[in-house]
S.K.: 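Shown below is the structure under consideration.
Numbers restart at 1 for each chain; the letters A, B, ... are given by sequence-line order, proteins then strands.
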Amino acid sequence: MADLYTITDLHLSLADMTRKPLFGLAPRLDILKGLSFSIEKGAVLGIVGGSGSGKSTLGRALVRLLEPSGGQVVFDGTDITHLSDAELRPLRRRFQMIFQDPMSSLNPRHRVGTIIAEPLRLHGFDGIQARVLRALDHVGLPKEFAQRYPHELSGGQRQRVGIARAIALEPDFILADEIVSGLDVSSQAQVLNLLERLVAELGMTLAFISHDLSVVRRLCQRVMVLQHGQIVENRETAALFADPQAQYTRDLLGAIPLPDPSQVWV
Amino acid sequence: MSFLSVRNLSARVKGGGPLLRDVSLDVAVGEVRGLVGESGAGKSMIGKAVLGILPKAVEITSGQIMLDGVDLLALPPAQRRIKVGATCALIPQDPLTALNPSRRIGVQITDRLVDILGWTRQRAEERALALLGEVQITEPTRVLRQYPHELSGGMRQRILIASAFAAEPKLIVADEPTTALDVTVQKQILKLIAALQVRHGTALLFVTHDLGVVSKVCQKLSVLYAGKVVEDSAVADFFRAPKHPYSAALLAATPKYTDPLAGLQPVPEAVIAAVRAEVAHG
């Protein structure tokens, strides 16, 4: 199958403000150090790593919320590495993002219906009302929820609204950045099962950023493990779990507390 | 003998609905009890009630909190504070907000020792230094002079653990102490808490929503739903055969990377309806 994303030697550095002298420029801090990989159309890619491994930064570079400082990001044949905001705007409909914290990523003063309709309006869709209701239906929320405010919803329901907002635009690619880490296990299970179903039904490509390898194993066909801004392993999920190659992957796996008292940590 | 014994504790939001319903649980000396449940089940509330730091809007309507044989709820507030302050400590969830950003690490650990236990500054500082060594902080002398923003999340959580163990408490309430950390750091921190708990023989009330974590650090377990304890089991028994359908469903919702087909089952509607009815009828 064709690749939706092709990433070549991606570098990204940011100003290190903790080390900025009173006068003069802050030194640069390299976050991503030369990543190359591709994402097939229709694939579900898991991106895992500890805090500070650069997984969120990578995600933000993919949807061009951050501009890479080197290398190339090609989205469906278009080089988006250094496109300007205006040039990106028509493309933005095609790659959407679901955020970690649904409370701070939904406008508390807007009703759910407005929240989902807003990007549709910006991208000049027609039949917005019908699309909003369809999106709510896709994520398993009753249409009355369009009239509610985010604070009236539970964490799991809020995250569904975040998903509805992303899929309403019928994007080709969705980036989900730690979207279940704030939820407790039963809502986590619901949201993940929903996402799994939607990706298959709507034929979207998904990059799923997580620190939880158990969740990734369930959802993703491929897993990419990041450490210190570099790829340490990028393989098919089953192969990676059966026989992790990198020491860091083994450490990550060994650190997951299984719900089983017979697993003893040494 | 149980050091902490919560008996039939009920609490509610002032003028509102119940938060805790007839909660009873025991934590013996040197024992770790896990307190699990979904968000809003009231697990943190129990810890806060024990420590006497409930939000102002919450009131205890009935029950007893026996600490070392003394009913805390029968004590006048000032005495209660002294009793709790001298024997209990908290490891809070968020290492970012729990430390004062404008004060050095050293004074934040030693303040308790000086103010509550009446130690001299010097003795307290020696103790702080030894503790940072115990929580495996390299260069403890330098860290004592640093500010919280100079340290990583894992380092800050170690500071809070050191600080909790500083006054040799008999009981520690750990309120989701590793939720903000990534798995490799979580593993280190959990091992650290477990090692310190054993070495100091502390009773530990461990609030978490992660059954995987429970299976690693706890011996006993209380499962809460809507402020009610629906199951109270030994951890080994619980993971072999949970007694309550709701706790069984919670276990089935917990993902397992070793078995991708098991786990992540949403709690069935029927189970939720049943446990709701059970809780409502007391």
S.K.: Flag yes if more than 12 heavy atoms outside A:Lys20 fall under 6.0 Å of its NZ atom; otherwise flag no.
M.R.: yes
S.K.: Are a donor atom and an acceptor atom from the side chains of B:Tyr246 and B:Glu38 found within less than 3.5 Å of each other?
M.R.: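 There is such a pair (donor and acceptor under 3.5 Å, judged by atom type) between the side chains of B:Tyr246 and B:Glu38.
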S.K.: Name the region of A:Leu192, side chain, backbone, both or neither, that has any atom closer than 4.5 Å to a heavy atom of chain B.
M.R.: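 Just its side chain gets close to chain B.
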S.K.: Measure A:Leu253 against the heavy atoms of chain B and call it side chain, backbone, both or neither at under 4.5 Å.
M.R.: both
S.K.: Among A:Thr237, A:Ile256, A:Val215, which has the most heavy-atom pairs under 4.5 Å with chain B?
M.R.: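 Top option by heavy-atom pairs under 4.5 Å: A:Ile256.
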S.K.: Go through the atoms of B:Lys256 and report whether side chain, backbone, both or neither lie under 4.5 Å from a heavy atom of chain A.
M.R.: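 Both the backbone and the side chain of B:Lys256 come within 4.5 Å of chain A.
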S.K.: Which bit of A:Asp260 comes within less than 4.5 Å of chain B, counting heavy atoms only: side chain, backbone, both or neither?
M.R.: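 Looking at A:Asp260, just its backbone touches chain B.
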S.K.: Less than 4.5 Å to any heavy atom of chain A: does that hold for the side chain of B:Thr258, its backbone, both, or neither?
M.R.: both
S.K.: With salt bridge (Lys or Arg N to Asp or Glu O under 4.0 Å) as the criterion, how do A:Arg197 and A:Glu201 come out once you've worked through the C-alpha distance, each side chain's angles and the decisive distance to 0.1 Å?
M.R.: CA-CA 6 Å; A:Arg197 184 169 58 75; A:Glu201 272 176 20; 3.2 Å; yes
S.K.: Which one wins on heavy-atom pair count under 4.5 Å against chain B: A:Ala189, A:Pro259, A:Gly50?
M.R.: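 With the most close heavy-atom pairs to chain B, the winner is A:Pro259.
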S.K.: Knowing that exactly one of B:Arg158, B:Gln136, B:Gln157 qualifies, which makes a side chain to side chain donor-acceptor pair (under 3.5 Å) with B:Gln188?
M.R.: B:Arg158
S.K.: Mind checking the CG-CG spacing from A:Leu240 to A:Leu213? Nearest 0.5 Å is all I need.
M.R.: 7.5 Å
S.K.: For B:Tyr257, does the six-membered ring have the charged nitrogen or CZ of A:Arg217 within the cation-pi criterion, i.e. under 6.0 angstrom from the centroid and within 45° of the normal?
M.R.: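 Because its charged atom misses either the 6.0 Å distance or the 45° angle limit, A:Arg217 does not stack over B:Tyr257.
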